[in-house]
Colleague: 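Can you keep this structure in mind? I'll have questions shortly.
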Amino acid sequence: MTDFTRRDAFKISAGGLAAVSGMVAMPSILRAASYPTRPINVIVPFATGGYNDRLSRAFMPYLEKELGQPLVIVNKPGAGTQLGNSYALNQPADGYSIMCTSAAPYIPLTVLLQNAPYKVEDFSMLNLPSRDYTLAATSSDGPVKTFAEVIEKLKKDPSSLSIGVQPASADYANMVLAFQAAEIDPSKLRIVTYDGGGPARNATAGAQVDVGFVGGEGFLPLKTKIRPLAIFAAETVEWYPDAPLIGASGLKTDFVEGSQRGWAITTKLRNEQPEIYKTLVTAVEKASKNPKAIETLKLQELATTWYGPEASDKAYLDNAAKMAKYVNLLK
Amino acid sequence: MIDISAFHEALGILFSSISAWGWIVPGLIIGLVFAAIPGISITMAMAIVLPMSLYMDFFPAMVFLTSVYTGAGFGGSVPAILMNIPGTPSSFATTFDGYAMSQKGEHNEALGYALFASTLCGIFGYVLLLLVLEPLADIVLRIGPVEMFAVAIWGMMLLGSLGSTYISRGLLAAALGILLGTVGMNTAGFTRGTLGVPELLDGIAPIPAMIGLLAASQLLSLAGRDYIIEAEGAREVSLRRILKGCWGTLKYPGVLLRGSIIGVVIGAVPGVGSSISNLISYAETKRTAKDSATFGKGNPKGVIAAESAVASGEGGSMATMLALGIPGGGATAILIAAFMMHNVVPGPSFIDTQKPMAYAIILNNMVQAVVLLVVGIGFIYAATNVMKVRTRYVLPAILVVATLGTYAVTGEAAGPITLFVFAMLGFALNRYEYPVPAVVVGILLGRMLETEFLRSYQLSAGNPLYVLERPGAMAIFAVMFISLAMTAWGKRKQNKAEAAEAALLRLRHDADAHAHTTPSKG
């Protein structure tokens with residue numbers, strides 16, 4: 001065994017290198033045939049404990065079962081998802097990085113307001129089960145009872161009620177659109193800005209502000225502390241049936257849908273690896289329709305509805321187009 | 001008030017799930033170790049273990065996570081006392097007197113004071129929580145931007161107690177800190193000072209910045225010594241002296257009580273946390289103390305004040321979480337996620353339907369505080385041995401661990417880069433005798449000051465009389481001014497007394513001199 005020379009070692013390692021580079025150079029279709037062969041990263045561009053983090057962790061076992069490989073949650077919070085989105089785009093398009101995120105309105109907003117170095121079309125949706133809507137609400141013991149009353153009061157005196165809202169959000173756009181439709185001058189309103197849905201909800205429930213415009217889903221745990229005035233949706237919302245629709249207030253206003261959360265990949269992956277894309281779509285569909293998954297996630301107030309990639313992509317791009325249309329309201 | 005039958009049921013849950021108790025010790029140790037590593041905060045320590053708790057049942061998972069919380073609350077004060085480097089922002093105020101004590105060779109006692117204050121006030125916070133769970137939660141929601149602004153101002157008053165050779169440099173350093181604290185996107189959506197770096201949109205990460213500022217200057221000043229404490233005899237690790245410190249805590253019930261109340265209230269307010277309450281508690285204790293001149297020079301009351309606010313804050317923060325389902329801070333946000341992952345939604349309906357479970361969690365936390373005493377003594381006994389290692393081995397190790405700590409949790413280079421930049425800044429500030437702690441206070445409070453002031457302005461449409469509609473804010477401001485006035489009054493009286501005494505002494509001296517000189521004359 002001692003006649004194992006340095007030259008031999010060189011030969012062997014060179015051979016190894018050749019084999020490895022051969023593997024790398026292999027047509028990607030062939031590699032896809034056995035996909036997935038190793039754990040898949042799920043990029044969540046939010047901190048541990050947020051909606052997307054909980055959604056990914058709760059859904060994980062069911063998706064793992066369909067894919068046959070473990071999933072690893074990678075939290076990349078910061079800059080309104082821009083850091084996580086950039087990170088996802090920098091990963092190789094090999095199917096080992098997928099995203100669980102509030103695609104709309106965060107991706108369009110980073111593009112429109114933060115000059116993020118990517119396009120809305122760089123991301124493709126697999127399925128966006130969670131659909132949130134802006135809810136106008138007041139504290140449960142507040143004096144205002146209906147949205148019509150809010151409009152009436154503000155028309156008389158735009159500074160009579162204070163408004164809590166998150167700037168540069170779908171909620172902000174909806175608020176401005178509604179007041180424009182009611183011919184109230186938004187520049188005279190007492191608008192209090194909150195850097196997140198949570199603080200804005202607390203301020204609403206605690207009567208710090210008279211009316212809050214915030215994503216409705218997050219209000220569910222505080223349901224007893226608030227009175228819903230109007231929800232910015234076209235049809236009755238499944239998870240909050242007692243919230244009156246904005247249409248019922250007699251106000252004719254256009255509105256933007258709120259957060260759309262769920263599973264996404266990069267468009268590069270979809271275009272370059274159609275087989276892997278198909279595998280992922282099938283896996284998410286099967287897992288979303290798994291009765292056990294539906295039951296478990298429902299208990300945690302998480303959504304599993306299967307809309308599919310086409311409908312999800314359409315909803316996402318529609319939201320992005322509306323955001324672009326109303327971007328001037330947000331600045 | 002307390003619901004007796006639910007309380008009985010809670011005891012039932014507590015004693016029927018003895019196996020869950022097994023998670024207390026591992027949880028405490030994880031919390032202690034992570035928080036003692038500079039660069040890993042309480043929130044991060046909990047975020048790291050959150051996925052683990054997914055595989056446990058609900059109650060054991062809660063026991064485990066809250067144990068990490070309890071342990072982490074104290075862990076940060078160990079490096080704060082031994083090395084003047086706070087493990088977490090919550091133990092920043094502990095460095096002021098804790099490190100001074102350890103330089104005098106009283107590190108055993110200082111750690112004992114800190115540990116026992118943590119234990120006692122941790123229990124106190126939870127007892128208060130048990131009694132006023134629901135009313136407290138309702139009060140918390142009523143706290144608005146004006147009240148929060150008042151609290152932030154109160155925190156800034158700590159600057160007065162930091163002491164620096166030059167007042168102008170102290171104010172300049174604080175202003176720099178506040179400016180740094182407002183980098184990023186503000187609450188109204190305007191972006192300032194990010195230099196086009198997307199990582200800065202959320203502001204400068206306070207933990208690596210704080211570690212950079214404090215650790216760099218501290219490590220450089222230690223580098224010239226062989227050991228952290230020069231005197232060889234002082235480097236001993238003594239269980240007896242740790243216990244002596246523990247026992248000594250009981251001599252200051254007033255400090256403990258004030259710290260606890262400040263801690264519970266501020267801990268309960270969403271968005272503020274123990275990283276601010278420890279500053280306020282320290283500043284208040286120092287201002288009201290008769291021996292305020294000895295603060296910062298190793299007064300045990302300073303250590304107790306800071307630690308009591310941190311430990312009791314846990315109870316306050318849990319009150320908001322259990323009763324309202326909203327997080328008081330980062331750590332309770334993680335706890336809420338853990339609740340949800342076990343299909344339990346905290347909030348008003350949780351309290352209505354599962355009161356025994358809520359009580360059981362609270363009671364278990366009191367048990368944890370007691371266990372912390374034992375585990376904590378073991379931990380500080382082991383940690384204090386760092387005093388016996390030469391600085392040439394300790395310092396590089398700390399630097400590496402701190403850098404890793406700021407990197408490991410997010411896996412982004414932004415943490416270590418911030419650490420490095422602020423280390424340079426800290427070195428420069430030290431070199432030109434600007435007080436580094438003032439910059440840290442500014443960074444910790446700057447964002448809150450700006451956000452709450454802006455919201456108050458928006459809410460009042462710029463009318464300063466709005467404050468008259470907020471009795472809470474007026475009360476906070478009133479207490480603040482009264483306490484300031486009393487201090488000023490006390491100081492004046494003290495000065496007068498000292499002047500009188502000095503005059504008396506001089507008189508006597510003169511008389512003596514006279515007496516001595518007369519005979520010679522005669």
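Note that these values count all heavy atoms, side chains included, but never hydrogens, waters or copies made by symmetry. Within every chain, numbering begins at 1; the chains are lettered A, B, ... in the order of the sequence lines, protein sequences first and strands thereafter.
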Colleague: Given a strict heavy-atom distance threshold of 4.5 Å, which part of L335(B) is in contact with chain A: side chain, backbone, both, or neither?
Modeller: neither
Colleague: Looking at D210(A), N115(A), T193(A), L302(A), which one has more heavy-atom pairs under 4.5 Å with chain B than the rest?
Modeller: T193(A)
Colleague: Would you mind telling me which of Q166(A), E301(A), K225(A), R201(A) has the largest number of heavy-atom pairs within less than 4.5 Å of chain B?
Modeller: K225(A)
Colleague: Is it the case that atom OH in Y118(A) sees more than 12 heavy atoms from other parts of the structure closer than 6.0 Å?
Modeller: yes
Colleague: With side chains defined as the heavy atoms from C-beta onward, is the minimum distance between Q114(A) and M185(B) less than 4.5 Å?
Modeller: yes
Colleague: At their closest point, which heavy atom of A79(A) faces which heavy atom of D202(B), and how far apart are they?
Modeller: N-OD2, 2.6 Å
Colleague: Give the minimum heavy-atom separation between R57(A) and P51(B), together with the two atoms involved.
Modeller: NH1-CG, 3.5 Å
Colleague: Measuring heavy-atom distances to chain B, does A205(A) have an atom under 4.5 Å in its side chain, in its backbone, in both, or in neither?
Modeller: both
Colleague: Mind checking the CZ-OG spacing from R455(B) to S162(A)? Nearest 0.5 Å is all I need.
Modeller: 13.0 Å
Colleague: Kindly say whether Q458(B) contributes a backbone atom to a donor-acceptor pair with the side chain of R190(A) at under 3.5 angstrom?
Modeller: no
Colleague: Side chain of Q300(A), backbone of H342(B): donor and acceptor closer than 3.5 Å?
Modeller: no
Colleague: Please check if the number of heavy atoms outside Y457(B) that lie under 6.0 Å from its OH is greater than 12.
Modeller: no
Colleague: Show the nearest heavy-atom pair for residues G144(B) and Q208(A), with the distance to one decimal.
Modeller: CA-OE1, 2.8 Å
Colleague: For L459(B), which of I191(A), I163(A), V209(A) qualifies under side chain to side chain contact (heavy atoms under 4.5 Å, CB included)?
Modeller: V209(A)
Colleague: Taking atom CG of N463(B) as the centre, report whether more than 12 heavy atoms of other residues, nucleotides or ligands fall under 6.0 Å from it.
Modeller: yes
Colleague: Identify which part of T224(A) has an atom lying under 4.5 Å from any heavy atom of chain B, answering side chain, backbone, both or neither.
Modeller: side chain
Colleague: What distance do R54(A) atom CZ and L54(B) atom CG have between them, rounded to the nearest 0.5 Å?
Modeller: 11.5 Å
